[in-house]
There are 2 protein chains.
Amino acid sequence: MSRAPVTDPGQAPLSDSAASDTERALAHAAEHCEAHGARFTAARRRVLAILLAQQGQPLTAYQLLDLLREQQPGAQPPTVYRALDFLMRNELVHRIESTNSYLPCNHQHCGHHHPEGEHWPQFLLCDRCGETREVPLDNALRQALTRQARDYGFEVGARPLELHGLCPGCRAEHE
Amino acid sequence: MSRAPVTDPGQAPLSDSAASDTERALAHAAEHCEAHGARFTAARRRVLAILLAQQGQPLTAYQLLDLLREQQPGAQPPTVYRALDFLMRNELVHRIESTNSYLPCNHQHCGHHHPEGEHWPQFLLCDRCGETREVPLDNALRQALTRQARDYGFEVGARPLELHGLCPGCRAEHE
DNA sequence: GGTGGATATGTTATAACATATCAATAGTGG
DNA sequence: CCACTATTGATATGTTATAACATATCCACC
Ligand SMILES: [Zn+2]
Ligand SMILES: [Zn+2]
Ligand SMILES: [Zn+2]
Ligand SMILES: [Zn+2]
């Protein structure tokens, strides 16, 4: 699996807007956890901050571990997997099954209440550059999927959809 | 991940209809390979036969390896991964990304020509019993997915959709 | 300001999934 | 038969994820 180069938030200076986006996201995460009685500890915050620094490029757990070790040299695989589990339980991070990688939830979709039910994300993944974009799953699409599954007798839930292809940039380059 | 018990085609006697389904599928596979200049060797046939014996329960590569070793004691991981690669290249087997497991293509959907393009399967997976059903991706759904992705500038291809939930049987038991 | 339960982290080891490499062998066409 | 290519055998390793158990921290209560 080829992957894009990673960004180390401790070294590579982010642009001002990216940095403030990250700060906003971290503040939001802290708030969200507080509201749910979950503890947003330093370890969890560090992991989320690293993921947020990647700008739409998911990281594998071991890439994350390498970056985490720059701040916390003793970190081990369980360190990152536990943080990821926590962040996923709290819907702050998603796992991309098709690439074994992890991405912060962008919650562009959580601004207001969803009558249709729980958070059902959809990802658009570029097979060329790795860019991964989370978009809201269209309601009509959601209903069509649920309904079609029900025609086969299945009751399906809100696991992320992963669609692979080429991002706008790579489409342009490609021809 | 919990998985259902496996069926060993060499020992557990299949019902007549299941056995003949398997034979038909194997014959079809042989034909299909012949037509494409691909060699349907004994090793590949054995692997496909084992998968076909599972009746809608995907196997992991190492479950498959254990079963294969009953016929071929020297089999190693590369033995099964090579066979799986071949079978996937020839669209005889699918990989289920969300469970790291493998399932024979049922090609209920390949009976006639598809104007919409390549084989774009959809799987309905039961999280309780593991049953995995391959169904044709509805054309309207396919178009909606393609179109919505294009609205975001992405050009997406025919990777399988994996929808998780409860199968009819497990829904009934569940309440 | 102790005590105890719950939650989180540290530490070591291992399970589970997948591929690289190179030598040996078997099919294929001249 | 020979050279060529695809396939298989065999060994080792890489990659992803969790088990198991010890320790530390937080917090409510006395
Ligand atoms: Zn999300
Ligand atoms: Zn791209
Ligand atoms: Zn199929
Ligand atoms: Zn079921």
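A, B, ... follow the sequence lines: proteins, then strands. Residue 1 opens every chain.
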Give the intermediate values and the outcome of salt bridge (Lys or Arg N to Asp or Glu O under 4.0 Å) for residues B:Arg24 and B:Asp21. CA-CA 5 Å; B:Arg24 253 195 304 282; B:Asp21 283 355; 2.6 Å; yes
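Nearest nucleotide to the A:Tyr81 side chain, out of D:dG9, D:dT18, C:dG10: D:dT18. Of the candidates C:dG10, C:dC17, D:dA17, C:dG10 carries the atom nearest the A:Thr79 side chain, counting heavy atoms from C-beta on. Comparing C:dC17, D:dA17, D:dC21 by their closest approach to the side chain of B:Tyr62 singles out C:dC17. Closest to the side chain of B:Pro78, out of D:dT11, C:dC17, D:dT16, is D:dT11. Of the candidates D:dT16, D:dG9, C:dA8, C:dA8 carries the atom nearest the A:Arg39 side chain, counting heavy atoms from C-beta on. For A:Thr41, counting side-chain heavy atoms from C-beta on, the closest listed nucleotide (C:dT9, C:dA18, C:dC17) is C:dT9.
Judged by distance alone, the side chain of A:Asp138 and the main-chain N or O of A:Ala140 form a donor-acceptor pair under 3.5 Å. No donor-acceptor pair closer than 3.5 Å links the side chain of A:Arg159 to the backbone N or O of B:His164.
When the C1' atom of D:dT8 is taken as reference, atom CZ of B:Arg45 falls 19 Å away, rounded to whole Å. C:dC17 atom P lies 11 Å from atom CG of B:Asp66, rounded to whole Å. When rounded to the nearest whole Å, the span between CG of A:Leu84 and C1' of C:dT9 equals 15 Å. In this structure, B:Leu59 places its CG atom 13 Å from P of C:dA18, rounding to the nearest Å. The distance from atom CZ of A:Arg46 to atom C1' of C:dG10 is 13 Å, rounded to the nearest whole Å. The nearest whole Å value for the distance from the CZ atom in B:Phe86 to the P atom in D:dT7 is 7 Å. Here the P atom of nucleotide C:dT7 and the CZ atom of A:Phe40 are 19 Å apart, to the nearest Å. Across the protein-nucleic acid pair, B:Leu68 atom CG and D:dT8 atom C1' stand 12 Å apart, rounded to whole Å.
Contact annotation for A:Ala43: backbone-only contact, meaning every heavy-atom pair under 4.0 Å involves sugar-phosphate atoms and none involves a base. Within the 4.0 angstrom heavy-atom criterion, base atoms lie near A:Arg82.
OP1 or OP2 of D:dT15 has not a single side-chain nitrogen or oxygen of A:Asn100 nearer than 4.0 Å. Applying the 4.0 Å criterion to OP1 and OP2 of D:dT18, one finds that A:Gln76 has every side-chain N and O outside that range. For B:Gln63, no side-chain nitrogen or oxygen approaches OP1 or OP2 of C:dC17 to under 4.0 Å. Note on A:Arg95: a side-chain N or O is less than 4.0 Å away from OP1 or OP2 of D:dA17. Within the 4.0 Å cut-off from OP1 or OP2 of D:dT7, at least one side-chain nitrogen or oxygen of B:Arg44 is found.
Side-chain atoms of A:Glu134 and A:Cys105, non-hydrogen and from C-beta on, do get closer than 4.5 Å to each other.
No side-chain N or O of B:Glu162 forms a donor-acceptor pair with one of B:Gln122 less than 3.5 Å apart. Of the N and O atoms on the side chains of A:Asn106 and A:Arg133, not one donor lies less than 3.5 Å from an acceptor on the other residue.
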